[in-house]
Amino acid sequence: MGHWKTLLASSILLFIAAFNALPQEANYRHYTDRNGNIVFAQKLTWQKYENIDHYRIEIEEISKTSRRAKVLDKTTEENSIEVNLPAGTYRYRISIYNVLGNLETKSEWKEFEIFKATQPKISSISPENVEIEKDAENKRKTLELTGENLLRQSKYRISDSGGTSEGKVETANGNSASVTFDFQGFPAGEYKLTVKNPGGLESEAAFTLTIKEQEPVVEEPEIEEPIEEEPEPIEEEPAAEEPIVEEPEPIEEEPKIEEPEIEEPEPVEEEPEVEEPEVPVEEEDEPFDFDLDMAIGAGLSMQIFGREYTGGQFYEEFFGSRFVFPRFDARISFLPIKTRIGNFGIGVSGDFLSIKNEVERRYKSYTLTGNIYSALGEAVYQKNIGRFTLDIHAGAGMQNFQGFSFDFTTPDGSYSTEKIDSSSIVLGGGCGVQFTIWKGLYAEAEIGFKYTAELEMGTIEPKVMLGWKF
């Protein structure tokens, strides 16, 4: 059996209903035990809620054959728990129990993976001096690492006083790794490259970043070819030879030396991981969840309309007043249907009135006595609102007038009439507010209404009740 959280507002209940809900996260840490062994610890944290009794956390291991084995089932009042589990794949879920100690709601299963806590080591970085052109648009470089326990799941970061940048793992096989970093915005200087394995163990090594200024391109001046002018005609002189004009040799332009383009290494495509087909696992049936309320109380019954008799309405004519007090009530509610908007179910209610009306007359005094019983089957709706629970119910049943008789006193003596029994169909309902006192104990204030078909009479019935939620 479970209950809606008695002390949480309906807005929080709506959020918890999506507990697939619930922002949950896993943190890792490691420590060394007395024997010098590295112990891996997993800390699970989830949303914290006020005014609850406790949380229940369940952890199951998922094997390669998709079979599941429960490894932890524990209750805690904190919104986190730390466990020591061997490497493997697991799943967990959180259940919330309200102040009544009953199940309120639970989250969906959430998977997480624990890796073996291994100590990484960086033996070398290539290149040790990373050169980046200052005006280059692409400032990504791939560094080749060698060492031990360099895993694909590891985190590779470069850092200095100005910030950090996480690298993209291209390849990793344990002894080596290729990691690409974006050096955009990083100034020249000394940097640390840190590798952190799952479990928190880490190692670091240093390298240098150099920013190269782009060399300006020097343009060769163009050499203009000389313009040849035709020599003026020279008069021939005897025995004089014409001078020979030598044409200047053309100057060959020096070939421009093109700088080789540095090609970025092509990223190594990751081999797709082959997922093993999951074998459907039959979930264990959850226990049937329902609420059961039982309450008793007292109030009064007051007639508000009905047929007129000789001296007034029925209550005034026969009972001497428009209301009767005390009236004793009892009710049982069974609510197996739970939704975000409230709980629905059925119930049975009953009440009892003892009537005694003494009328003093000069010649003929009388006393009217008898009992009234009612029993109704009802439809019930409940809604939690903070520490209060709204309860609305309505239904139909029977009302019995049992053992009614008149005892007359006259100067000639006393005598009684025969006892009269009768019954009638009644329609009834009510609206009340429950307040939790302690655990399952609650108090309720209610206004009820009842219509008796036989007498065409309507009564209003305020009452207070004390009950227990199971």
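These numbers were taken from a predicted model, which means no experiment stands behind them.
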Go through it in stages, so that I can follow the logic: the residues are D391 and V433, the test is side chain to side chain contact (heavy atoms under 4.5 Å, CB included), and I'd like the CA-CA distance, side-chain angles, deciding distance and then a yes or no. CA-CA 6 Å; D391 182 282; V433 177; over 6 Å; no
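- In I447, the CD1 atom is crowded: over 12 heavy atoms of neighbouring residues, nucleotides or ligands sit closer than 6.0 Å.
- The two residues G347 and V380 make their nearest non-hydrogen contact at N-CG2, 3.7 Å.
- Taking 4.5 Å as the limit, every side-chain heavy atom of R157 sits out of range of all side-chain heavy atoms of K192.
- Here the two rings, on F334 and F290, have centers that are under 6.0 Å apart.
- In this structure, Y366 and F408 have tilted ring planes: the angle between them lies in the 30° to 60° band.
- Contact record, A206 with I125: O-CD1, 4.0 Å, taken as the closest heavy-atom pair.
- In this structure, CG in L441 is found 11.0 Å from NZ in K469, a value given to the nearest 0.5 Å.
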Chi angles and distances behind the salt bridge (Lys or Arg N to Asp or Glu O under 4.0 Å) call for R331, E446: CA-CA 12 Å; R331 189 168 73 247; E446 180 186 323; 2.9 Å; yes
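- Using modelled atom types, one side-chain atom of R322 and one backbone atom of Q303 make a donor-acceptor pair closer than 3.5 Å.
- Nearest heavy-atom pair across S165 and D182 is OG-O, 3.6 Å.
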Apply the test side chain to side chain donor-acceptor pair (under 3.5 Å) to residues S374 and Q399: give CA-CA distance (whole Å), side-chain angles for both, the deciding distance (0.1 Å), then the verdict. CA-CA 4 Å; S374 297; Q399 186 177 67; 3.2 Å; yes
Show which side-chain atoms of residues 417-426 pair as donor or acceptor with protein atoms under 3.5 Å away, not counting sequence neighbours.
residue : atom : partner : partner atom : Å
T417    : OG1  : F406    : N            : 2.9
D421    : OD1  : G403    : N            : 2.6
S424    : OG   : E454    : N            : 2.8

Evaluate side chain to side chain donor-acceptor pair (under 3.5 Å) for Y315 paired with T459, printing each intermediate quantity in order. CA-CA 10 Å; Y315 271 32; T459 57; 5.1 Å; no
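- Between the side chain of N149 and the backbone N or O of Q119, at least one donor-acceptor pair lies under 3.5 Å.
- Other residues, nucleotides and ligands contribute at most 12 non-hydrogen atoms within 6.0 Å of the NZ atom of K121.
- At a threshold of 4.5 Å between non-hydrogen side-chain atoms, the residues E461 and M302 do not count as touching.
- Of the residues listed (V83, I62, V71, L72), the one engaging Y90 in a side chain to side chain contact (heavy atoms under 4.5 Å, CB included) is V71, and it is the only one.
- For the residue pair S80 / E82, no side-chain donor-acceptor distance below 3.5 Å is found, with atom types taken as modelled.
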Run K196 and E166 through salt bridge (Lys or Arg N to Asp or Glu O under 4.0 Å) and show every step you take. CA-CA 11 Å; K196 186 175 183 179; E166 187 165 326; over 6 Å; no
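- Here E148 contributes atom CD and T146 contributes atom OG1; the two are 10.0 Å apart, rounded to the nearest 0.5 Å.
- Panel note: side chain S107, backbone I94; a donor-acceptor pair is recorded below 3.5 Å.
- The minimum heavy-atom distance linking N173 with S176 is given by the pair OD1-N, 2.9 Å.
- Between the side chains of H54 and E78, no donor-acceptor pair is found at a separation under 3.5 Å.
- Here the shortest heavy-atom pairing between L353 and P326 reads CD2-O, 3.7 Å.
- Residues I437 and L466 form a side-chain contact, since some pair of their non-hydrogen atoms from C-beta on lies under 4.5 Å apart.
- Salt-bridge formation is detected for the pair D73/R56: a Lys NZ or Arg NE/NH1/NH2 atom is positioned less than 4.0 Å from an Asp or Glu carboxylate oxygen.
- Within the model, atoms CZ of R93 and NZ of K110 stand 15.5 Å from one another, a figure rounded to the nearest 0.5 Å.
- Side chains of I81 and K74 form a contact here, defined as non-hydrogen atoms less than 4.5 Å apart.
- Under a 3.5 Å cut-off, the side chain of D293 and the backbone N or O of S333 do not form any donor-acceptor pair.
- Under a 3.5 Å cut-off, the side chain of N197 and the backbone N or O of L201 do not form any donor-acceptor pair.
- Between the side chains of E202 and T194, no donor-acceptor pair is found at a separation under 3.5 Å.
- Between F344 and Y381, the ring-plane angle classifies as tilted under the 30° and 60° cut-offs.
- Of the possible polar contacts, one joining the N79 side chain to the W46 backbone as a donor-acceptor pair under 3.5 Å is found.
- Between R327 and D329, at least one side-chain nitrogen of the basic residue sits less than 4.0 Å from a carboxylate oxygen of the acidic one, meeting the salt-bridge criterion.
- Panel note: side chain N400, backbone Q402; no donor-acceptor pair is recorded below 3.5 Å.
- Remark: the E170 side chain and the T180 side chain contain an N/O donor-acceptor pair separated by less than 3.5 Å.
- Counting non-hydrogen atoms of other residues, nucleotides and ligands closer than 6.0 Å to CZ of F323 gives a total of 12 or fewer.
- Using a 4.5 Å heavy-atom threshold, the side chains of L145 and V179 count as touching.
- Annotation: side chain of I57 is in contact with side chain of L44 (closest heavy-atom distance under 4.5 Å).
- Applying the side chain to side chain donor-acceptor pair (under 3.5 Å) rule to D407 yields the partners S416; only residues at least two apart in sequence or on another chain are considered.
- Nearest heavy-atom pair, P120 versus S203, reported as atom, atom and distance to 0.1 Å: O-CB, 3.2 Å.
- At distances below 3.5 Å, not a single donor-acceptor pair connects side-chain atoms of T452 with backbone N or O atoms of L455.
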Determine, stepwise, if the pair Y191 / F186 fulfils ring-ring contact (aromatic ring centres under 6.0 Å, His included). CA-CA 10 Å; Y191 286 85; F186 281 76; 5.6 Å; yes
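- In this structure, Y373 and F352 have tilted ring planes: the angle between them lies in the 30° to 60° band.
- By the 4.5 Å heavy-atom criterion applied to side chains, T367 and V359 are not counted as neighbours.
- Rounding to the nearest 0.5 Å gives a distance of 7.0 Å between OG1 of T89 and CD of E111.
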Please step through salt bridge (Lys or Arg N to Asp or Glu O under 4.0 Å) for the pair K463 and D351, ending with a clear verdict. CA-CA 11 Å; K463 69 189 85 170; D351 56 70; over 6 Å; no
Decide ring-ring contact (aromatic ring centres under 6.0 Å, His included) for F319 and F314; before the verdict, give the C-alpha distance in whole Å, the side-chain angles of both, and the deciding distance to 0.1 Å. CA-CA 8 Å; F319 302 159; F314 185 86; 5.5 Å; yes
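- For M294, the CE atom sits in a loose shell: 12 or fewer heavy atoms of surrounding residues, nucleotides or ligands are nearer than 6.0 Å.
- Applying the ring pair (Phe, Tyr, Trp, His ring centres under 6.0 Å) test to pairs two or more places apart or on separate chains, none has a residue in residues 438-459.
- Rounded to the nearest 0.5 angstrom, T171 OG1 and E144 CD are separated by 6.5 Å.
- Inter-residue side-chain proximity for K168 and Y156 is flagged as unmet; no heavy-atom pair is nearer than 4.5 Å.
- To the nearest 0.5 Å, atoms OG1 (T389) and CD1 (I385) are separated by 8.0 Å.
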